[in-house]
Amino acid sequence: MPTRRLPLLLSSLALGAALAGCGGSPPARYHTLQAPLDAAASTRHANYLIEVAPVSVPMQADQPQIMLRNDAGSLTPLYSDRWSAPLADEIGAALSDTLTRSLGTLDVRTIKPAEGAPVWRVQADVQRFDMIEGGPARIDATWRVRPLHLAGASTLACRSIVTVPAGAGAGVAPLVQAQQRAIALLGATMASAIQAGGREASPPSAEVQLAGCTK
């Protein structure tokens with residue numbers, strides 16, 4: 001092959017590869033479970049910190065891509081719609097955000113507490129994390145709030161089932177927004193238990209079903 005034709009051939013191959021890439025899969029869209037900051041933080045200043053422990057999530061939902069469930073119970077991975085972090089981390093960060101804002105405190109992940117500092121430890125074990133085609137979004141979780149170095153407070157363990165209808169609109173965005181609200185409502189239920197010193201929990205809306213608590 002004449003040397004002068006080689007650059008032309010390489011340029012043609014590069015152009016062909018670029019055009020092929022344009023016709024491939026669309027770029028991935030990344031979503032988060034942390035809702036926009038559209039509400040003012042609590043004006044109270046708690047005399048304790050919180051510690052959100054690593055969240056446990058079901059394996060079938062713990063995927064980089066959003067898993068969409070249909071009426072028959074089948075799961076479809078949405079390869080172009082993914083979580084911006086591992087699902088357990090997304091849920092943990094969203095719960096921490098709700099708790100710190102509603103209680104007026106800090107998470108020990110952001111500040112190292114002094115030895116013996118009063119802390120509420122929050123644990124969540126997600127049993128179901130469903131994003132159903134056409135709605136609703138649902139989360140079923142057992143959770144526990146446990147006081148450390150807090151006199152008179154009690155440990156409380158509960159199960160909450162949160163179901164939020166998806167809003168109008170095309171694509172997966174309405175379902176993500178519904179799941180954001182579901183996590184925020186779960187966090188608000190946990191916050192109510194902390195505010196009550198571990199004696200009880202109060203669902204913040206009819207979208208939350210409290211399926212029993214034990215001390």
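Quantities reported herein were computed from a predicted structural model and do not represent experimental measurements.
Rounding to the nearest 0.5 Å places CG of N70 at 6.0 Å from OG1 of T76. Here CD1 of I50 is found 4.5 Å from CG of L99. Values are rounded to the nearest 0.5 Å. Annotation: the span from R69 atom CZ to Q60 atom CD amounts to 6.5 Å, rounded to 0.5 Å. Note that CD1 of I139 and CD1 of I91 are 4.5 Å apart. Values are rounded to the nearest 0.5 Å. Summarising the geometry, atom NE2 belonging to H149 is positioned 11.0 Å from atom CG belonging to L49; distances are rounded to the nearest 0.5 Å. Note: R199 CZ to S154 OG = 7.0 Å, rounded to the nearest 0.5 Å.
Panel note: side chain E51, backbone V108; no donor-acceptor pair is recorded below 3.5 Å. Under the 3.5 Å distance criterion, the side-chain polar atoms of S192 are matched with a main-chain donor or acceptor of T189. Side chain of T105 to backbone of Y48: a donor-acceptor contact under 3.5 angstrom is found. A donor-acceptor pair is defined here as one N or O able to donate and one able to accept, closer than 3.5 Å; such a pair exists between the side chain of Q179 and the backbone of D130.
Taking both residues in full, the closest heavy atoms of A166 and G135 are given as CB-CA, 3.9 Å, listed atom of the first, atom of the second, then distance. Minimum interatomic distance between Y79 and Q65 (heavy atoms only, all atoms of both residues): CE2-NE2, 3.9 Å. Considering every non-hydrogen atom in both A153 and W120, the closest pair reads CB-CZ2, 3.6 Å. Residues G167 and P174 share a closest heavy-atom pair of O-CB, 3.4 Å. The two residues P165 and A178 make their nearest non-hydrogen contact at O-CB, 3.7 Å. Nearest heavy atoms, W83 versus Q63: CD1-O, 3.6 Å.
Placement of L33 and L78 within a single hydrophobic cluster is found when ILVMFWY residues are connected by side-chain heavy-atom separations under 4.5 Å, directly or transitively. Cluster membership check: I132 does not share its hydrophobic cluster with V164, using side-chain heavy-atom separations under 4.5 Å among Ile, Leu, Val, Met, Phe, Trp and Tyr. Hydrophobic clustering (ILVMFWY, side-chain heavy atoms < 4.5 Å, transitive): L103 and M190 are in one cluster. At a threshold of 4.5 Å between side-chain heavy atoms, the hydrophobic network of Ile, Leu, Val, Met, Phe, Trp and Tyr places L150 and W143 in one connected group.
Residues T155 and P147 are in side-chain contact: their nearest non-hydrogen atoms beyond the backbone lie under 4.5 Å apart. In this structure, P58 and Q127 have side chains that are not in contact, with every pair of non-hydrogen atoms separated by 4.5 Å or more. Counting heavy atoms from C-beta outward, D62 and F129 have side chains that stay 4.5 Å or more apart. V122 places none of its side-chain heavy atoms less than 4.5 Å from the side chain of L95. Contact annotation: the side chain of D81 never approaches that of V176 to less than 4.5 Å [non-hydrogen atoms, C-beta and beyond]. Here the side chains of R109 and S96 are in contact, with some heavy-atom distance below 4.5 Å. Proximity of L87 to V55: side-chain heavy atoms (C-beta onward) are nowhere separated by under 4.5 Å. Between L156 and C158 there is a side-chain heavy-atom pair separated by less than 4.5 Å.
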*Intermediate values then yes/no, side chain to side chain donor-acceptor pair (under 3.5 Å), D125 and Q123*: CA-CA 7 Å; D125 182 4; Q123 296 174 285; over 6 Å; no
_Run the side chain to side chain contact (heavy atoms under 4.5 Å, CB included) test on S84 and E90 for me, step by step, so that the C-alpha distance in whole Å, both residues' side-chain angles and the decisive distance to 0.1 Å come before the verdict._
CA-CA 8 Å; S84 60; E90 281 285 339; 2.5 Å; yes
*Yes or no on side chain to side chain contact (heavy atoms under 4.5 Å, CB included) for T98 and I183, after CA distance, side-chain angles and deciding distance?*
CA-CA 9 Å; T98 297; I183 298 293; 5.6 Å; no
*Chi angles and distances behind the side chain to side chain contact (heavy atoms under 4.5 Å, CB included) call for L175, L68*: CA-CA 10 Å; L175 268 176; L68 191 65; 3.4 Å; yes
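For CD of E133, the number of neighbouring non-hydrogen atoms (other residues, nucleotides, ligands) closer than 6.0 Å is 12 at most.
Take R181 and apply the salt bridge (charged side-chain N to carboxylate O under 4.0 Å, His left out) test, not counting sequence neighbours, and it matches E207.
Among pairs with a residue in residues 139-167, those fulfilling salt bridge (charged side-chain N to carboxylate O under 4.0 Å, His left out) read D140-R159, at least two apart in sequence or across chains.
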